[in-house]
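Take a look at the structure below.
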Amino acid sequence: MTGTDVQKEAEDSGPSGYAAARLRLLTEETRSGPPRRAALAELTDDWLTGLFAAGAEGLRGASLVAVGGYGRGELSPRSDLDLLLLHDGSDTKAVAALADRLWYPVWDLGLDLDHSVRTPVEARKTAGEDLKVQLGLLDARHIAGDLGLTAGLRTAVLADWRNQAPKRLPELQELCAERAERQGELQYLLEPDLKEARGGLRDATALRAVAASWLADAPREGLADARRRLLDVRDALHLATGRATDRLALQEQDQVAAELGLLDADTLLRQVYEAARLVSYASDVTWREVGRVLRSRAVRPRLRAMLGGGKPVTERSPLAEGVVEQDGEVVLARAARPERDPVLALRAAAAAAQAGLPLSLHAVRRMAAATRPVPTPWPAEAREQLVTLLGSGRPTVEVWEALEAEGLITRLLPDWERVRCRPQRNAVHLWTVDRHLIETAVQASEFTRRVSRPDLLLVAALLHDIGKGWPGDHSVAGEIIAKDVAARIGFDRHDVAVVATLVRHHLLLVETATRRDLEDPATVRSVAEAVGSQGTLELLHALTEADALATGPAAWSSWRGSLVADLVKRVSAVLAGDAPDDPEEGAPTAEQERLALEAAATGSPVLALRAQTEPPAGQEPSGDPEPLGVELLIAVPDQPHVLPAVAGVLAMHRLTVRTAELRSLTLPDGVDGSVLLLDWRVAAEYGSLPQAARLRADLVRALDGSLDIAGRLAERDAAYPRRRGVVAPPPRVSVHPAASRLATVIEVRSQDAPGLLFRIGRALEDASVQVRSAHVSTLGANAVDAFYVTGPEGAPLPEDEAASVARKLEETLRG
């Protein structure tokens, strides 16, 4: 029977004919999805048109209007009918009788009905008072009766909506936020509500309403398909359950998957999650644009008055090379060239996360379209920017999702595709696999002060469950993938091995602590053998806690934490004896000795600035992490204030210190005096490097006291607005008394920031200690610095004095 035959049967046979035709339509295997929804709406239109014609004989000034989902022509098998009987108020008694002739047949068939009887004035008044009514009327569609009456209402409602948009859209956004808080995020729920959860059908409808306001519009690519997919799943759910439900319960997922011709329930959930993620991202972008437009409208009159009616100039504040902040978003600088800069996407993402700002949709799409692949292995800057992004805390999530929405994540990390939107059928887990990995990195960012290699911790957090996209034990599979990924992003062999060990054994500590007898020496020895070193144990402890906290509230407790800490203490005792001795300081190179002799002869600083991307000719790679930026060698006659002076000058010139070493150099026999040698790796925050001559001139002035570094840095900070940015973990300063026999080792772990090393150096100078050597490294956004200090007589500090220096230094950095 054709669709026309079905409709004719419904028209000829009344309610029972409509019911039979409806049933036949819903059981047709050849029709599903949008065609079936449209056919069901058309069938229902024809039936209601017949009811209206029979009941409205002789009545003028009335029409039957479909609103909401029915107005959009999207009837799912068990959808309710949203109907408005519109009239001009001239014959209310006849209209009431017509309403009975319409509503009762619908109820008799057991269909849910949402109905109202109003004049156009009443409809507009109710819409003005009730946002949900207004949203329904935006999709008003004429079914029967006076077409002019319906068209007039549609025109008036749309005009009202556009006129009131500055007031109603914030109300709609708040409604969406409240619903999301109540229902959760569709893209992560095991039993999601397809309509009410964030990223569901309600949000898709809200985006249509925003577009109708002409104030802003959603990113349209893929949005219609995502909405269609969610509607298809709801159709299958209605047919599988026979109920008007939107909740995709666990026990019904296999049946719904079969109804849609999908492999299994996991495939079904993954499709739902992908659709919901697209709707959620479109919502984020759209509401951000709404806020921007409304702020612009509020500010524009004042700016015009101040500027004499001229067009206001948009302020652009630099964040990194090729990246600026504009109007509350991170955008590309005008000079940025994505096609020539393969690291730009990571640099922009890291800058956005560090500033706590969203990446603009235009910037992400431009980078996705034009950016070349990152070379393999990644250059050091790309790796550093990834670590910075992962270590940025909560803002990482939004920035990561923006990159993922445009396919940039899977281009950077192809193995990500297997875990993307992958459900976890475990009540303990709150998130899909991919979001759990990002959440683990967010949690791990809180523990970067606890470990000496925060970069390895953050990358291991990102990869620890990457094996869940493969068959078998996910830890075993993950170890293989982690080795490949870590090598691809440029870690050396030692670091690759550490990351692989962390991924392979990320469940080892918690499973051993909660399931084994810790009094049994064999238990502790087996863990020590698996871990291998104190450094890896430290990282594994932090990863274990971050993983559990990112799983859900049931996965971690103070009891579990105490058991794991006890195990770590016992394993650390077994691994004891690996404590580092004094740092080995090799003989100076020919260039270092030349600079030192020149500094001793002239009594003033001497420096050399050069690119350093590969080992010098004839020298094998050291296996150390690839240095970043350029090498800066400085030789200075031994004197006070060298460390803060050099650090301050570099901060003034917007040079980021990636690694730094300071040591006293022994001069050849017959040469008087002592020289301090500083071997640093620096990179420009943005722009080009300053001239070496200018750096030297400023350093001379800093050492003789004629350059007020602190004042200059304070003036620069005051000139730029303070961004909300990332709330970083507080700095941590500790003393390692057993690390050296000749000096006291003070270790600083802190968020990297302009002028940080200057502040540390000045604080140590104020404490009247001498810096015998310094070893500074910046890993992503984290600084891990060790200072070997002595008292004025050159001996290690007494224990209480060392503790006092560390405490004062930490207070200075916290302030």
Side-chain angles (χ1 to χ4, degrees), residues 3-4 6-8 10-12 14-15 18 21-22 34-35 37-75 79-106 111 113-128 130 132-164 205 208-209 211-214:
T4 303
V6 170
Q7 291 164 9
K8 190 171 188 312
E11 294 169 7
D12 293 345
Y18 168 73
R22 178 188 175 96
R37 286 190 290 274
L40 182 55
E42 187 178 352
L43 178 68
T44 305
D45 285 356
D46 292 339
W47 176 51
L48 291 172
T49 298
L51 293 176
F52 185 92
E57 193 170 347
L59 177 64
R60 294 185 178 181
S63 65
L64 185 62
V65 183
V67 296
Y70 183 26
R72 294 188 294 274
E74 296 172 342
L75 272 186
S79 289
D80 60 345
L81 301 181
D82 291 338
L83 292 170
L84 166 65
L85 181 54
L86 192 65
H87 66 100
D88 61 9
S90 61
D91 192 346
T92 56
K93 185 177 291 187
V95 169
L98 173 60
D100 289 343
R101 296 287 298 271
L102 291 170
W103 309 153
Y104 278 99
V106 175
L111 299 177
L113 176 66
D114 188 353
H115 61 91
S116 59
V117 181
R118 295 186 177 110
T119 65
V121 172
E122 290 169 342
R124 291 176 66 187
K125 183 175 184 295
T126 305
D130 189 331
K132 293 180 181 178
V133 172
Q134 189 163 39
L135 293 176
L137 286 173
L138 290 177
D139 292 309
R141 180 173 58 83
H142 181 74
I143 296 177
D146 188 338
L147 177 59
L149 196 64
T150 304
L153 177 64
R154 271 189 55 84
T155 301
V157 166
L158 280 170
D160 290 345
W161 177 245
R162 286 163 186 158
N163 290 334
Q164 298 166 9
T205 301
R208 288 169 57 91
S213 74
W214 291 351

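The two residues D91 and A94 have their closest heavy-atom pair at OD1-N, 3.2 Å. Minimum interatomic distance between L113 and L81 (heavy atoms only, all atoms of both residues): CD1-O, 3.4 Å. The two residues T92 and G89 make their nearest non-hydrogen contact at CG2-O, 4.1 Å. When all heavy atoms are compared, the tightest approach of D82 to G69 is OD2-N, 4.2 Å. Nearest heavy atom pair, residue A212 against residue L158, reads CB-CD2, 4.4 Å. P105 and L51 get closest at one heavy-atom pair: CB-CD1, 4.0 Å.
Applying the salt bridge (Lys or Arg N to Asp or Glu O under 4.0 Å) criterion to R124, with sequence neighbours excluded, gives D160. Contacts of R60 classified as salt bridge (Lys or Arg N to Asp or Glu O under 4.0 Å), with partners at least two apart in sequence or in another chain: none.
No side-chain heavy atom of H87 sits under 4.5 Å from any side-chain heavy atom of L59. For the pair T44 and E42, the minimum side-chain heavy-atom distance is 4.5 Å or more.
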Q: Report the C-alpha separation of L153 and L84 in whole Å, then their side-chain angles, then the decisive distance to 0.1 Å, and conclude whether the side-chain contact (heavy atoms from CB on, under 4.5 Å) test is met.
A: CA-CA 11 Å; L153 177 64; L84 166 65; 3.8 Å; yes
Q.
As a quick check of understanding, evaluate side-chain contact (heavy atoms from CB on, under 4.5 Å) for R22 and L43, giving each step before the final call.
A. CA-CA 8 Å; R22 178 188 175 96; L43 178 68; 4.2 Å; yes
Q. Under the side-chain contact (heavy atoms from CB on, under 4.5 Å) criterion, do F52 and I143 qualify, and how do the steps go?
A. CA-CA 9 Å; F52 185 92; I143 296 177; over 6 Å; no
Q: Begin from the C-alpha positions of L102 and H115 and carry the test side-chain contact (heavy atoms from CB on, under 4.5 Å) through to its verdict.
A: CA-CA 10 Å; L102 291 170; H115 61 91; over 6 Å; no
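To the nearest 0.5 Å, atom CG of residue L137 and atom CH2 of residue W161 are 11.5 Å apart.
Between the side chain of N163 and the main chain of A159, a donor-acceptor pair closer than 3.5 Å is present. Between the side chain of R141 and the main chain of R72, no donor-acceptor pair closer than 3.5 Å is present.
The side chain to side chain contact (heavy atoms under 4.5 Å, CB included) test with Y70 is passed by exactly one of L48, V65, D114: L48. With respect to H142, the side chain to side chain contact (heavy atoms under 4.5 Å, CB included) criterion is satisfied by exactly one of L64, L147, L86: L147.
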